[in-house]
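So the structure is just underneath, and the comments pick up after that.
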Amino acid sequence: MSQPQVFNKSKVELHVHLDGAIKPETIWYFGQKRGISFPVKTVEELRELIGMDKPLSLPEFLAKFDLYMPAIAGDREAIKRVAYEFVEMKSKENVKYVEVRYSPHLLANSKVDPIPWNQAEGDVTPDDVVFLVNQGLQEGERDFNIKVRSILCCMRHMPKWSPEVVELCKKYHHHTVVGIDLAGDETIQDSTQFSGHVKAYEEAVKNGIHRTVHAGEVGPASNVQQAVDILHAERIGHGYHTLEDSTLYNKLLQENMHFEVCPWSSYLTGAWKEGTPHAVIRFKDDKANYSLNTDDPLIFKSTINTDYNMTKKQMGFTEEEFMRLNINAAKSSFLPDSEKKELLDQLHKDYEI
């Protein structure tokens with residue numbers, strides 16, 4: 001989806017999934033190489049098969065991953081290459097700093113129970129996955145002049161994986177990993193409170209590991225409340241339904257909570273119903289702390305430009321607001337203070353402010 005660039009200055013992106021940001025050509029290549037067949041004949045058809053043009057339900061959206069993850073998961077070369085190509089993709093979008101997230105377990109095929117995507121058992125552990133992704137990201141940083149850090153995801157339906165996720169955050173804290181996330185199906189009842197997740201987040205707090213949580217995307221405001229109260233979230237992924245609880249919303253506004261907003265994603269997943277005002281308009285009007293992000297650009301057939309276009313054309317966003325939200329994104333990033341200052345200096349220089 002190529003559109004004119006409405007904001008061609010430096011950008012900061014905080015909410016994008018590595019396994020939702022893979023080039024269709026790369027999926028096709030590893031499918032061929034590993035003897036995994038797709039129900040289509042060309043890369044272009046594969047792109048259309050995986051991609052979405054109109055809103056689908058959350059389960060239908062999640063089923064998209066089943067189509068292509070078997071081609072990538074459990075393959076060392078594929079995992080590292082996907083990370084490297086991700087950095088290249090973001091550098092072309094004029095993103096100067098990005099935090100990319102993924103579940104180490106969903107890319108592994110060894111020492112993970114259950115083994116995802118119906119793979120045969122292999123020898124790539126969740127630890128190997130983090131090591132390989134870090135290598136790809138660091139080589140990409142070197143080659144494409146962009147700063148990249150990563151966030152490791154716990155999955156709502158698999159609380160037994162979460163203790164290992166936080167241990168990997170600790171182990172790789174100085175090798176790209178800057179935070180922990182809770183992702184997956186938000187409609188699973190009380191999943192914020194599953195003890196595996198709670199313990200992992202307590203451990204993260206104890207070890208100074210930054211914390212974000214997907215909440216209030218399709219679930220109620222109470223999920224956001226729990227993310228803050230129980231998991232000590234410093235940022236909220238999506239958070240649109242926070243607006244349904246004005247007491248909570250006003251409290252988070254006062255506390256300068258950062259919302260990782262994904263406008264085009266929210267349209268395609270039905271998290272935002274067309275015809276109703278988008279939460280991001282309220283965030284803008286209230287001068288809230290938020291960022292614009294792509295979420296899963298492979299599936300949404302998008303780039304960061306898609307989200308800037310949507311907010312400018314349909315919601316009246318201005319260049320000033322784009323600069324403001326990117327500065328807020330930099331301030332709310334999980335970088336250490338000294339690196340955060342460098343990033344902010346870079347933005348101020350580019351924005352001439």
Side-chain angles (χ1 to χ4, degrees), residues 1 15-86 88-89 100-110 112-122 124 126 129 132-133 136 153 155-158 161 181 183-188 214 217-218 262 264-271 293-303 306:
M1 181 188 294
H15 190 116
V16 53
H17 294 262
L18 182 62
D19 50 2
I22 306 173
K23 287 160 68 171
E25 295 82 355
T26 302
I27 295 166
W28 186 262
Y29 170 81
F30 284 104
Q32 304 284 82
K33 187 178 172 202
R34 300 174 74 190
I36 293 162
S37 58
F38 302 109
V40 289
K41 301 231 167 9
T42 66
V43 172
E44 205 35 64
E45 288 174 358
L46 182 66
R47 186 190 307 273
E48 291 305 313
L49 179 71
I50 296 169
M52 289 167 62
D53 294 301
K54 60 180 198 305
L56 295 176
S57 69
L58 194 64
E60 287 173 308
F61 158 69
L62 292 171
K64 296 283 187 181
F65 291 88
D66 297 330
L67 293 170
Y68 66 86
M69 282 294 279
I72 303 296
D75 185 291
R76 285 182 160 77
E77 185 195 347
I79 293 163
K80 183 177 167 182
R81 177 158 148 192
V82 159
Y84 180 80
E85 289 178 345
F86 170 81
E88 181 181 24
M89 189 191 308
V100 64
R101 60 188 71 192
Y102 63 96
S103 158
H105 295 77
L106 290 180
L107 284 163
N109 62 8
S110 170
V112 54
D113 176 35
I115 296 174
W117 320 113
N118 296 318
Q119 299 174 87
E121 186 165 359
V124 179
V129 169
L132 290 159
V133 170
C153 296
M155 300 305 296
R156 283 190 178 269
H157 68 297
M158 293 303 292
W161 291 350
D181 178 31
D185 185 352
E186 199 196 343
T187 61
I188 298 170
H214 281 71
E217 178 182 10
V218 294
C262 310
W264 182 239
S265 157
S266 70
Y267 164 64
L268 286 175
T269 61
N293 308 277
T294 53
D295 204 9
D296 295 284
L298 163 68
I299 297 175
F300 303 138
K301 299 202 290 197
S302 67
T303 68
T306 311

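All values reported here derive from a predicted model rather than from experimental measurement.
- Note on ring orientation: taking the six-membered ring where Trp is involved, the planes of H214 and H17 are tilted (angle from 30° to 60°).
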Take I72 and F30 through the test side-chain contact (heavy atoms from CB on, under 4.5 Å) and record every step on the way to the result. CA-CA 7 Å; I72 303 296; F30 284 104; 4.3 Å; yes

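- Residues passing the side chain to side chain donor-acceptor pair (under 3.5 Å) test with S103: none are found, sequence neighbours excluded.
- Two residues are said to be in side-chain contact when any heavy atoms from C-beta on lie closer than 4.5 Å; D19 and F65 meet this criterion.
- Of the candidates S302, S265, S266, D295 forms a side chain to side chain donor-acceptor pair (under 3.5 Å) with just one, namely S265.
- The backbone N or O of E77 lies less than 3.5 Å from a partner atom in the side chain of D75, making a donor-acceptor pair.
- A donor-acceptor contact shorter than 3.5 Å is absent between the side chain of W28 and the backbone of T42.
- In terms of heavy atoms, P104 sits closest to V129 at O-CG2, 3.6 Å.
- Listed for the D296 side chain is no donor-acceptor partner under 3.5 Å among the backbone atoms of L298.
- Side-chain atoms of N109 come within 3.5 Å of backbone atoms of V124 as a donor-acceptor pair (strictly under, hydrogens ignored).
- Side-chain N or O atoms of W161 include one that pairs as donor or acceptor with a backbone N or O of D113 at under 3.5 Å.
- In this structure a side-chain-to-backbone donor-acceptor pair under 3.5 Å is missing from E85 to K23.
- Looking at residues two or more places apart in sequence or on another chain, you find a side chain to side chain donor-acceptor pair (under 3.5 Å) between R47 and E25, E44.
- Side chain of Q32 to backbone of Y29: no donor-acceptor contact under 3.5 angstrom is found.
- Among pairs with a residue in residues 60-74, those fulfilling side chain to side chain donor-acceptor pair (under 3.5 Å) read S57-E60, at least two apart in sequence or across chains.
- Using a 4.5 Å heavy-atom threshold, the side chains of L268 and F61 count as separate.
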